Amino acid sequence: MAAPAPDPQPASDPVRDTSPGPGPVRDTSPGNGPGPDPDPDADSRPDADARPGRGTDADTDTAPRPAPLTVPSMSAGPDFVLRPWEMSDLPLIREAAQDPYIPLITTVPPRYSDRAAEEFVRRQWDRAATGAGYPFAIVRSRDRRPVGAIGLWLRDLPEGRASIGYWMVPYGRGQGVTRAALRTVTGWALRDLGIPRLQLFIEPWNTASARIAVDVGYRHEGLLRGWQQVGDERRDMAVYGLLNSDGPVDGRAVASN
């Protein structure tokens with residue numbers, strides 16, 4: 001999984017996958033974790049009003065607040081859909097809370113309760129409402145069962161870059177879901193939002209997530225030593241980057257009503 005960008009809360013939102021298959025990717029910008037929380041809108045270029053860090057306030061000297069974001073629904077191949085989080089997703093959070101790694105790098109509660117899970121969902125809503133990013137639940141089309149999360153985090157958008165984090169519960173692994181979700185969000189962010197650079201942060205041991213990143217078109221750019229706190233220790237993170245100028249990403253994100 002790719003680490004989600006860190007949340008203003010403790011930790012951010014994706015996972016260590018100890019079973020075969022993609023693990024979490026960590027996003028180290030506020031809002032969500034490594035291909036984590038899984039804490040954007042679409043037009044060929046983002047609106048000035050929809051881009052965090054843009055605009056001025058003529059009446060005060062305070063920095064402008066990022067505009068609220070609307071999280072769209074998008075198909076991720078024929079079998080899965082990306083959509084905003086819902087309170088009906090609590091069973092997914094229960095399963096993620098039982099994973100040995102996901103709660104370490106996301107804000108998924110390490111001890112499940114309905115109240116903690118509801119707070120997690122509200123955090124995802126708050127991330128969009130405050131302009132921090134676009135959190136998606138990954139849902140299987142045929143039975144509407146949620147299997148994971150992916151987020152596009154915009155803390156560094158004024159500098160022309162954004163991060164993606166994601167995680168998948170064991171039930172959803174090994175089916176190509178993570179690859180399809182990452183390809184969909186990546187293509188949408190580069191093509192429709194016009195973001196110049198996307199990046200993923202993945203722990204070096206997580207070869208499954210690294211393969212997925214490379215398959216989608218990301219390039220391994222180096223190792224960031226002691227980059228992120230994971231549990232009780234600081235961990236190295238491998239950084240993977242993709243530029244808007246690197247060429248087309250396979251697959252197109254299709255917005256649905």
Side-chain angles (χ1 to χ4, degrees), residues 4-5 7-9 12-14 27 29-33 35-57 63-77 80-90 92-93 106-107 118-139 141 144 146 148-167 180-198 244 249 251-257:
D7 201 359
Q9 313 280 335
S12 56
D13 286 353
D27 174 358
S29 61
N32 285 19
D37 224 51
D39 86 182
D41 229 324
D43 247 357
S44 61
R45 288 182 61 87
D47 249 6
D49 291 340
R51 298 176 66 181
R54 296 295 297 272
T56 58
D57 187 337
R65 294 181 181 178
L69 304 171
T70 300
V71 179
S73 294
M74 299 185 288
S75 64
F80 293 90
V81 171
L82 311 181
R83 61 152 171 79
W85 282 85
E86 302 173 354
M87 280 300 174
S88 61
D89 294 329
L90 267 57
L92 172 63
I93 302 167
T106 75
T107 57
E118 289 168 1
E119 289 173 350
F120 174 89
V121 173
R122 290 190 184 96
R123 279 197 296 277
Q124 311 318 304
W125 295 345
D126 287 346
R127 288 172 174 172
T130 60
Y134 296 91
F136 296 94
I138 305 171
V139 180
S141 302
R144 300 180 183 274
I150 188 167
L152 175 66
W153 312 117
L154 306 178
R155 174 190 183 182
D156 295 326
L157 188 57
E159 284 73 47
R161 58 182 180 267
S163 301
I164 295 179
Y166 50 82
W167 52 262
L182 179 60
R183 180 176 289 119
T184 298
V185 174
T186 296
W188 175 64
L190 295 176
R191 180 184 61 252
D192 296 318
L193 300 183
I195 297 174
R197 172 184 166 84
L198 299 176
N244 207 317
V249 176
R252 292 185 59 85
V254 180
S256 59
N257 295 327

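Note that the structure is predicted; figures quoted are calculated from it, not measured. For reference, positions follow the sequence shown, starting with 1.
- Annotation: side chain of I195 is in contact with side chain of L154 (closest heavy-atom distance under 4.5 Å).
- The salt bridge (charged side-chain N to carboxylate O under 4.0 Å, His left out) search around E86 returns R83, not counting sequence neighbours.
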The test is side chain to side chain contact (heavy atoms under 4.5 Å, CB included); show your working for L92 and V139 and say whether it passes.
CA-CA 10 Å; L92 172 63; V139 180; over 6 Å; no
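- The minimum heavy-atom distance between M87 and E118, with the atom names listed, is CE-O, 3.5 Å.
- For I93 against V121, the heavy-atom pair with the smallest separation is CD1-CG2, 3.6 Å.
- Nearest heavy atom pair, residue L152 against residue A162, reads CD1-CB, 3.9 Å.
- Across all non-hydrogen atoms, the minimal contact from G133 to L69 is O-CD1, 3.6 Å.
- Between T186 atom OG1 and I164 atom CD1 the span is 3.5 Å, to the nearest 0.5 Å.
- W85 places no side-chain N or O within donor-acceptor distance of the main-chain N or O of W125, the cut-off being under 3.5 Å.
- The heavy-atom pair separating P135 from A128 by the smallest distance is CD-CB, 4.3 Å.
- Annotation: side chain of T184 is not in contact with side chain of F80 (no heavy-atom distance under 4.5 Å).
- Contact check for S73 versus F136: no side-chain heavy atoms found under the 4.5 Å cut-off.
- The heavy-atom pair separating P84 from D89 by the smallest distance is O-OD2, 4.4 Å.
- In this structure the side chain of R161 never reaches within 4.5 angstrom of the side chain of R155, judged on heavy atoms.
- Between L198 and V185 the shortest side-chain heavy-atom distance does not fall below 4.5 Å.
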